[in-house]
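All chains are named by letter (A, B, ...) in the order of the sequence lines, taking the proteins before the strands, and each is independently numbered beginning at 1.
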Amino acid sequence: MKVRVRFAPSPTGGLHLGGVRTVLYNYLFARANGGDFVLRVEDTDQNRFVAGAEQYIMDCLNWCGLIPDESPEKGGPYAPYRQSERKHLYADYAEQLIASGHAYYAFDTTEDLEKMRKDYRRDDNTNPQYDHNIRGLMLNSLTLPPEKVAELVQNGTPYVVRIKMPANETVMLTDMIRGEISFDSSLVDDKVLLKADGMPTYHLAVVVDDYLMKITHAFRGEEWLPSAPVHVLLWEYLGWKQHMPQWAHLPLILKPDGNGKLSKRDGDRLGFPVFAMNWTAPRTSETTKGFREMGFLPEAFVNMLAMLGWNSGSEQEIFSLDELVERFSIERVHKGGAKFDFEKAKWFNHQYIQRTDDATLAELAKPYIDMELGIGNWELGLLSKVVPLVKDRCTLLPDFWAQGHFFFTTPEIKEEAAIKEKWNDQKQQFFTSWINILTAQPTWDHAVIEATFNEELPKNGLKKGDVILPFRIMLVGGKYGPGVFVIAEVIGKDETIKRIKRVIG
RNA sequence: GGCGCGUUGGUCAAUCGGCUAAGACGCCUCCCUUUCACGGAGGAAUGACGGGUUCGACUCCCGUACGUGCUACCA
């Protein structure tokens, strides 16, 4: 049987780190097993629908290079891939469940449900559920005579369909990551399967669509584990038990400080991205930063995510996507959640920058230089000289500007104190006469510049250490950067002399 | 409250009964570099707790604690 996996997001906002990791594991598993990877949009909640979110999700997958084989955009043999467009399919299955006695109509209003939760709340049961103990007390096709039910349905009274959870059964589930898990069916509530608006809930839709789309392995977040028995029973009640996919409940990605699931808020609070790419909420126009815009390379982002919850068992940490396909195994995925570490994420990006060829880096860095200087306002050829000089100091793409800005424009002197404090006549004299020597130089390369620099030192009773730092600050503005004579070579004779004069007057 | 899941350094983690418990990030020291990085050499830092099982337990079992997830006509 052909392996088929699916990523099933609901289009409600930005794509979270954890979501991308779920996509990745799906993708790796599909590729490794010669299977299909499908993107199915779970837009069954009309209240939470956010315009543009679906397109955004696909853009994120594109950026990461995790392209689905079948999707709403691309189509495929099991189209449509949007649950809202599959709405008509679900009611029949709900009816089938009612007919076989595994589900029932419920006519309780929101107020009825609130009242029930209030009335039955006790200290040892702070959250009463609509379950096998309670359903006999509610307004549904189990408590109402058949004629009454038929009448209510016919005259358009809103109703939902609920699963009838059995009492005292042990529901078993074999998880690829966690092994055997069991639940007591008495403790699981009668989940709504079909909502009053005719849309299925996740519980029904996921089972029906996984069946119809012939999904063989289902990866999802650990937060779904408690509702897994509902899904297992649905597979059984619908008569599809032998087709049920193998489950893998992935560990959560936790916030770096304290505990709990990593949320968008944590990123805002601690200054790192949580979404793959910038996301602007259409309603509020509020933008949340993404890894892409912060200057991550998609390969580094994906590699980092792969290692958050999985490792190969070897000491290797840097893997290309192809290597991951080859090495990844779901059995080696951790059970416990992992705290997200932004420092480690940056380290991955630094590694990838060092391994990327200079021409590609120049392409990647270009937009950030454009952002500072304006498109077309600077010499593109200069960037290819700068990239190899500053790349080891760059962790994120904007660092190419931070580390190399002085190649493009005359920098502001930020370390003036370091020059002024120990300034004296000898130094003044040194630079004054050195400028004249430089001006007369027919060739301009770092070796020549350094040679003249060295020759001029003793004439003024100076050592290299006395003036090399001041010279650096003249050119760079601060105490950082590549070899100072190389910088002088790259910015050119006129600019070098200009920058020295600017300081010595 | 109930139920599920989890628990090796600050963080990510190896180990599938033999451990003097890898490696990476971060941190610290030193070297390299008359800058900052890169690179190199070191260092501090770990099995939640209590019982079993076993010649031997980080590894297996039980309990406790702690954490976390769910407990919606949201996914």
**Request:** Quick one: label A/Leu252 by what it contacts on the DNA or RNA (base, sugar-phosphate, nothing), any heavy atom closer than 4.0 Å.
**Result:** sugar-phosphate

**Prompt:** Across the strands shown, which category fits A/Val192 at heavy-atom distances under 4.0 angstrom: base, sugar-phosphate, nothing?
**Reply:** sugar-phosphate

**Request:** Could you work out which one of B/U71, B/A75, B/C73 sits closest to the side chain of A/Asp45?
**Result:** B/A75

**Request:** Answer with base, sugar-phosphate or nothing: what part of the nucleic acid does A/Thr44 contact at a heavy-atom distance below 4.0 Å?
**Result:** sugar-phosphate

**Prompt:** Say you pick atom C1' in B/A13 and the same atom in B/A24; how far apart are they, in whole Å?
**Reply:** 8 Å

**Message:** Counting only side-chain heavy atoms from C-beta out, which of B/G23, B/U35, B/G4 sits nearest to A/Glu315?
**Reply:** B/G23

**Request:** Please determine, by modelled atom types, if A/Asp209 and A/Tyr90 share a side-chain donor-acceptor pair under 3.5 angstrom.
**Result:** yes

**Prompt:** Just to confirm, is there a sub-4.0 Å distance from OP1 or OP2 of B/C36 to any side-chain nitrogen or oxygen of A/Lys414?
**Reply:** no

Could I get a table of every N or O pair under 3.5 Å where one atom is in the protein and the other is in nucleotides 11-14 of chain B?
{"residue": "B/C12", "atom": "OP1", "partner": "A/Lys339", "partner atom": "N", "Å": "2.8"}
{"residue": "B/C12", "atom": "O2'", "partner": "A/Met307", "partner atom": "O", "Å": "3.4"}
{"residue": "B/A13", "atom": "OP1", "partner": "A/Gly309", "partner atom": "N", "Å": "2.9"}
{"residue": "B/A13", "atom": "O3'", "partner": "A/Asn311", "partner atom": "ND2", "Å": "2.6"}
{"residue": "B/A13", "atom": "O3'", "partner": "A/His334", "partner atom": "NE2", "Å": "3.1"}
{"residue": "B/A14", "atom": "OP1", "partner": "A/Asn311", "partner atom": "ND2", "Å": "2.8"}
{"residue": "B/A14", "atom": "OP1", "partner": "A/His334", "partner atom": "NE2", "Å": "2.9"}
{"residue": "B/A14", "atom": "OP2", "partner": "A/His334", "partner atom": "NE2", "Å": "3.4"}

**Request:** Start with the C-alpha distance between A/Thr410 and A/Glu495, add both sets of side-chain angles, then the distance that settles side chain to side chain donor-acceptor pair (under 3.5 Å), and finish with yes or no.
**Result:** CA-CA 8 Å; A/Thr410 307; A/Glu495 180 66 18; 2.7 Å; yes

**Message:** Check the orientation of A/Trp310 and A/Phe328. Use parallel for under 30°, tilted for 30 to 60°, and perpendicular for over 60°.
**Reply:** tilted

**Prompt:** Between A/Phe340 and A/Phe272, how do the two ring planes meet: parallel, tilted or perpendicular, split at 30° and 60°?
**Reply:** tilted

**Item:** Spatial distance of atom CE (A/Met172) from atom CD (A/Glu180) [nearest 0.5 Å]
**Value:** 4.0 Å

**Request:** Look at atom NZ of A/Lys459 and say whether more than 12 heavy atoms of other residues, nucleotides or ligands are closer to it than 6.0 Å.
**Result:** yes

**Request:** Identify whether any heavy atom of A/Arg162 sits under 4.0 Å from a base atom; if not, whether one sits that close to sugar-phosphate; answer base, sugar-phosphate or nothing.
**Result:** sugar-phosphate

**Prompt:** To the nearest Å, how far apart are A/Arg393 CZ and B/G39 P?
**Reply:** 12 Å

**Message:** From CG of A/Leu113 over to P of B/A72, roughly how many Å is that when rounded to an integer?
**Reply:** 10 Å

**Prompt:** Which part of the nucleic acid, if any, lies within contact of A/Lys261, taking any heavy atom under 4.0 Å across all strands shown: a base, the sugar-phosphate backbone alone, or nothing?
**Reply:** sugar-phosphate

Collect all protein-nucleotide pairs involving nucleotides 43-46 of chain B in which both atoms are nitrogen or oxygen and the distance is under 3.5 Å.
none

**Message:** Just the rounded figure in Å: distance from P of B/U35 to CZ of A/Phe453.
**Reply:** 12 Å

**Request:** Report the base-pairing partner of B/G63 (Watson-Crick or G-U wobble, both distances below 3.5 angstrom), or none.
**Result:** B/C49

**Message:** Students often get this wrong, so: under 4.0 angstrom with heavy atoms, is A/Pro158 touching a base, only sugar-phosphate, or nothing?
**Reply:** nothing

**Message:** For B/C3, give the paired nucleotide (Watson-Crick: N1-N3 plus N6-O4 or O6-N4; G-U: N1-O2 and O6-N3; both under 3.5 Å), or none.
**Reply:** B/G69

**Message:** As a test of reading the structure: which of B/G4, B/A75, B/G1 is closest to the side chain of A/Phe183, going by heavy atoms?
**Reply:** B/G4

**Prompt:** Under 4.0 angstrom, heavy atoms only, what part of the nucleic acid is A/Arg121 near: base, sugar-phosphate, or nothing?
**Reply:** nothing

**Message:** Students often get this wrong, so: under 4.0 angstrom with heavy atoms, is A/Asp175 touching a base, only sugar-phosphate, or nothing?
**Reply:** nothing

**Prompt:** To the nearest angstrom, how far is A/Lys422 atom NZ from B/U35 atom P?
**Reply:** 13 Å

**Asked** Between B/G6, B/C38, B/C25, which nucleotide gets closest to the side-chain atoms of A/Lys335?
**Response** B/G6

